[in-house]
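Here the structure comes first, spelled out in structure tokens, and everything after it is commentary.
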Amino acid sequence: MTLSTWLTFFLAAWAISFSPGAGAISAMTSGLKYGFARGYWNTAGLIIGILAQFVIVAVGLGAVLATSEIAFSVVKYLGVAYLIYLGVRQIRTDAAPVAVDTGNPTHFSVRELVVRGILVNLMNPKGTVFLLAVVPQFVNPANALTPQYAALAGTLVFTDMVAMGVYTLLAAKVLRLLREARHIRWMNRIFGSLFIVAGVFLATFRRQA
């Protein structure tokens, strides 16, 4: 892989990572509820999810989702159902204020945050198909594929870690201003609604012929 090719993908990766979507919403929700240090565990799950998608594309299984309407629809609607579930649960979340610097937020679980991040990205075939369309453009089949895939995956992981960290931090900073129960209640409704909207948009996504 040439330096110019990598730099082009590096710029594209920033656009991919910062583009609004279910991952960004998930990161902001976690930052809002738990603060940056704890909420960032959700990003670990998002990274695992995007890496899993990348591996699927790299080994060619992504082509199945791109060519099989049934397989694509199954994964898509599982993702739709999960995003709507997250949205409804967020809307119904206890409105009690959450501390950022001190105290332990109720029901805080590293495992839950990581698993949620994994599922948000993994159960989104739009991401898989998008990677399937983008990644091959930066791979030279005449050279060893593994080092090229490793470079691209590492680049995407880096930009995603930064982007999701920014979303998490912004939400955590906003949380410092939200001390009244009614403020938290409205924020839960907003983020819950965004999850549901993301699910609806995912439902409208169609496999490219």
Quick one: do [X] and [Y] end up in the same hydrophobic cluster if we chain Ile, Leu, Val, Met, Phe, Trp and Tyr together by side-chain heavy atoms under 4.5 Å apart?
X      : Y     : value
Tyr85  : Met28 : yes
Leu152 : Leu3  : yes
Leu7   : Phe9  : yes

Is there side-chain contact between Phe54 and Tyr149, with at least one heavy-atom pair below 4.5 Å?
->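 Side chain of Phe54 against side chain of Tyr149, heavy atoms only: contact under 4.5 Å found.
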Given 3.5 Å as the limit, does a donor-acceptor pair link the side chain of [X] with the main chain of [Y], or not?
X      : Y      : answer
Tyr40  : Met161 : yes
Asp160 : Ile47  : no
Asn42  : Leu113 : yes

Please round to the nearest 0.5 Å and tell me the distance separating atom [atom1] of [X] and atom [atom2] of [Y].
X      : Y      : atom1 : atom2 : value
Ser109 : Trp41  : OG    : CH2   : 11.0 Å
Ile56  : Leu122 : CD1   : CG    : 5.5 Å
Ile196 : Ile25  : CD1   : CD1   : 10.5 Å

Least distance between heavy atoms, [X] atom then [Y] atom:
X      : Y      : result
Gly23  : Leu46  : O-CD1, 3.5 Å
Gly165 : Thr43  : N-OG1, 4.5 Å
Ala171 : Gly31  : CB-C, 4.0 Å
Met164 : Ala27  : O-CB, 3.8 Å
Phe158 : Trp14  : CE2-CZ2, 3.8 Å
Ala13  : Leu156 : CB-CD1, 4.1 Å

For Ala151, enumerate each residue passing the side chain to side chain contact (heavy atoms under 4.5 Å, CB included) test, keeping only those at least two apart in sequence or located in another chain.
->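 Partners of Ala151 under the side chain to side chain contact (heavy atoms under 4.5 Å, CB included) test: none.
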Sequence neighbours excluded, which residues qualify as side chain to side chain contact (heavy atoms under 4.5 Å, CB included) partners of Ile48?
->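 Side chain to side chain contact (heavy atoms under 4.5 Å, CB included) list for Ile48, sorted by chain: Val114, Ile118.
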Between [X] and [Y], does any side-chain donor sit less than 3.5 Å from a side-chain acceptor?
X      : Y     : value
Thr155 : Trp6  : yes
Thr5   : Thr2  : yes
Arg116 : Ser30 : yes

NZ/NE/NH1/NH2 to OD/OE distance under 4.0 Å, Glu112 and Arg89 |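 Salt bridge between Glu112 and Arg89, a charged N being under 4.0 Å from a carboxylate O: yes.
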